[in-house]
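Because only heavy atoms are used, hydrogens play no part in the values below, and waters and symmetry mates are left out as well, while side chains stay in. These numbers were taken from a predicted model, which means no experiment stands behind them. In what follows, chains carry the letters A, B, and so on, assigned in the order in which the sequence lines appear, proteins first and then strands, with residues in each chain numbered from 1.
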Amino acid sequence: MPELPEVEVVRRGIEPYLSGATLHNVEVHHERVARRFAGTADDLARQLEGQTVTTVERRGKYLWATLGEDTRSILFHLGMSGQILVDENHLPQRAHTRLHAQIGADTFLSFVDQRTFGYVTIDNLVPTVSTLDPTIVRFVPSLAAHIAPDLLEPAFDLEEVARTIRSRRVPIKTALLNQEIVSGIGNIYADEALWQARVHAARLASGLSYATIREILQAAQEVMQRALNVGGTSFDNLYVNAAGEPGYFARSLAAYGKAGTPCPRCQSLLERCVVGGRSHTYCPNCQKVPRRNR
DNA sequence: CCAGAGACCTGAAGGC
DNA sequence: TGCCTTCAGGTCTCTG
């Protein structure tokens with residue numbers, strides 16, 4: 001579910017509450033939420049107890065709170081249905097609450113996740129170096145060290161990413177969704193960027209020009225920035241910000257999930273197909289289906 | 001090394 | 001009113 005804009009909205013929402021906060025009365029309610037932790041859910045709760053957060057950071061769809069001496073972090077991944085909620089009213093715990101902690105006199109943090117594809121763990125921070133400039137070093141949790149910088153961070157190297165994409169004999173959409181090439185893009189913003197750049201998802205990455213690949217990446221940056229400005233994309237109550245409120249970008253989507261409705265550019269009816277195992281919505285007029293990929 | 005399929009979950013929506 | 005199938009914003013791991 002949540003892609004870069006949604007995770008960034010959550011990060012901005014929890015940062016004012018979590019920076020400088022100490023965790024107390026930590027409860028972890030489900031073994032699956034702790035599956036990336038070397039121990040049980042109870043062990044995780046015990047190790048989180050009394051930890052003090054320094055900063056709240058994000059790369060792509062991974063979100064973490066740095067701890068004390070800045071060598072460790074609490075890592076969150078929201079998966080398909082994860083939410084992080086801050087509650088200042090002593091509300092009863094919601095269904096699917098996987099982790100609950102007190103972070104202030106009357107303030108509580110909940111990790112809620114219906115489908116349990118998300119997780120929480122404690123993870124060491126390791127250095128990563130930007131291909132753009134070797135002096136740009138960023139410490140990220142070891143479980144996020146394999147992913148590339150995201151489209152909105154200073155370490156993002158447009159030319160290098162375009163070269164990597166062009167070296168892959170996979171559908172362009174598969175390359176965009178590969179977090180090891182560029183992180184933060186998910187199914188919504190991949191479809192939106194491809195629609196904006198007028199490229200069909202099944203076109204082979206290796207068959208596109210650098211100019212086209214740059215155009216797609218810039219479209220992804222632009223659409224994500226617009227989504228961020230309005231709080232992200234919500235279709236239902238599965239994506240909400242830290243206060244439990246939805247984002248408003250769904251009304252601005254051009255393609256994602258809109259098969260059968262007119263293309264906002266040419267009025268042809270949008271169609272749906274499957275590329276790389278994921279649903280793809282496209283305009284058959286603006287985004288020509290490849291006949292033969294080379 | 002790389003690409004593709006399957007696995008991991010819960011719940012909503014649509015067909016019969 | 002069910003019951004069954006399909007689908008959903010994402011990784012991760014195994015196979016060939």
Side-chain angles (χ1 to χ4, degrees), chain A residues 1-10 29-37 58-63 75-84 94-98 111-121 123 141-148 150 164-194 201-202 204-207 220 223-224 227-228 230-241 246-253 255-260 272-281 293:
Chain A
M1 115 56 265
E3 306 180 30
L4 187 157
E6 292 75 36
V7 180
E8 176 60 15
V9 168
V10 170
H29 296 304
H30 198 302
E31 289 302 330
R32 230 179 103 73
V33 79
R35 70 191 181 284
R36 305 299 241 153
F37 180 73
R58 180 192 58 73
R59 166 169 276 183
K61 306 168 195 173
Y62 290 74
L63 179 66
L75 174 63
F76 297 86
H77 198 292
L78 304 184
M80 291 282 263
S81 56
Q83 309 176 344
I84 302 178
R94 295 187 27 194
H96 311 301
T97 296
R98 311 305 184 190
F111 180 73
V112 176
D113 187 10
Q114 176 188 103
R115 293 177 70 184
T116 67
F117 287 137
Y119 57 83
V120 181
T121 189
D123 195 19
S142 72
L143 289 171
H146 65 295
I147 74 164
D150 68 55
T164 306
I165 287 176
R166 200 154 184 272
S167 74
R168 300 297 180 95
R169 288 188 62 84
V170 293
I172 178 61
K173 182 163 173 177
T174 301
L176 293 175
L177 292 176
N178 184 339
Q179 306 295 299
E180 298 185 26
I181 299 176
V182 53
S183 70
I185 304 175
N187 212 25
I188 299 176
Y189 299 105
D191 272 12
E192 293 300 305
L194 290 167
L204 275 194
S206 51
V223 72
M224 285 184 168
L228 187 51
V230 294
T233 304
S234 300
F235 302 115
D236 48 38
N237 60 4
L238 283 190
Y239 165 66
V240 293
N241 67 16
Y248 294 102
F249 197 66
R251 62 184 64 169
S252 303
L253 294 175
Y256 180 84
K258 308 197 93 156
R272 192 191 96 97
C273 65
V274 174
V275 175
R278 308 295 300 277
S279 178
H280 172 53
T281 306
N293 271 307

How would you list all residue pairs meeting salt bridge (charged side-chain N to carboxylate O under 4.0 Å, His left out) that involve residues 174-186 of chain A, not counting sequence neighbours? none
Contact span of DNA chain B against chain A, any nucleotide atom under 4.0 Å from a heavy atom, 5' to 3', runs dA3(B) to dG11(B)
Dot-bracket, DNA chain C: Watson-Crick or G-U, under 3.5 angstrom, [ ] crossing, | other strand? .|||||||.|||||||
Counting the atoms with a prime plus P, OP1 and OP2 as sugar-phosphate, which does His146(A) contact under 4.0 Å by heavy atoms, base, sugar-phosphate, or nothing? sugar-phosphate
Partners of Asp150(A) by salt bridge (Lys or Arg N to Asp or Glu O under 4.0 Å), sequence neighbours excluded? Arg58(A)
Dump the pairs, protein N or O against N or O of nucleotides 14-16 of chain C, anything under 3.5 Å, distances to one decimal.
none

Could you pick out which residue, Arg36(A) or Gln114(A), lies toward the 5' side of DNA chain C when each is mapped onto its nearest nucleotide? Gln114(A)
Taking only residues two or more places apart in sequence or in another chain, which ones pass ring pair (Phe, Tyr, Trp, His ring centres under 6.0 Å) with Tyr119(A)? His77(A)
Taking atom P of dT6(C) as reference, at what distance in whole Å does atom CZ of Arg272(A) sit? 12 Å
In whole angstroms, how far is the C1' atom of dT6(C) from the CE atom of Met80(A)? 13 Å
What residues form a ring pair (Phe, Tyr, Trp, His ring centres under 6.0 Å) with Phe235(A), not counting sequence neighbours? Tyr256(A)
Leu143(A) or Arg115(A): which one's nearest nucleotide on DNA chain C is closer to the 5' end? Arg115(A)
By side-chain hydrogen bond (donor to acceptor under 3.5 Å, both in side chains), Arg32(A) pairs with (sequence neighbours left out) Thr116(A)
Spacing of the P atoms in dG9(C) and dA3(B) (rounded, Å): 22 Å
Tell me, please, which residues at least two apart from Arg35(A) pass side-chain hydrogen bond (donor to acceptor under 3.5 Å, both in side chains). none
Write down the distance separating the P atoms in dC7(C) and dA5(B), rounded off to the nearest Å. 15 Å
Under the rule for side chain to side chain contact (heavy atoms under 4.5 Å, CB included), what residues qualify as partners of Ser252(A), not counting sequence neighbours? Phe249(A)
Which residues pass the side-chain hydrogen bond (donor to acceptor under 3.5 Å, both in side chains) test with Arg278(A), sequence neighbours left out? none
Non-neighbouring partners of His29(A) that pass side-chain hydrogen bond (donor to acceptor under 3.5 Å, both in side chains), sequence neighbours left out: Glu27(A), Gln93(A)
Which atom of Thr281(A) lies closest to which atom of Asp191(A), heavy atoms considered: N-OD2, 2.9 Å
With the side chain counted from C-beta on, respond yes when Ser183(A) and Tyr62(A) share a heavy-atom pair under 4.5 Å apart, and no when they do not. no
Just checking Phe249(A): base, sugar-phosphate only, or nothing, at a heavy-atom cut-off of under 4.0 Å? nothing
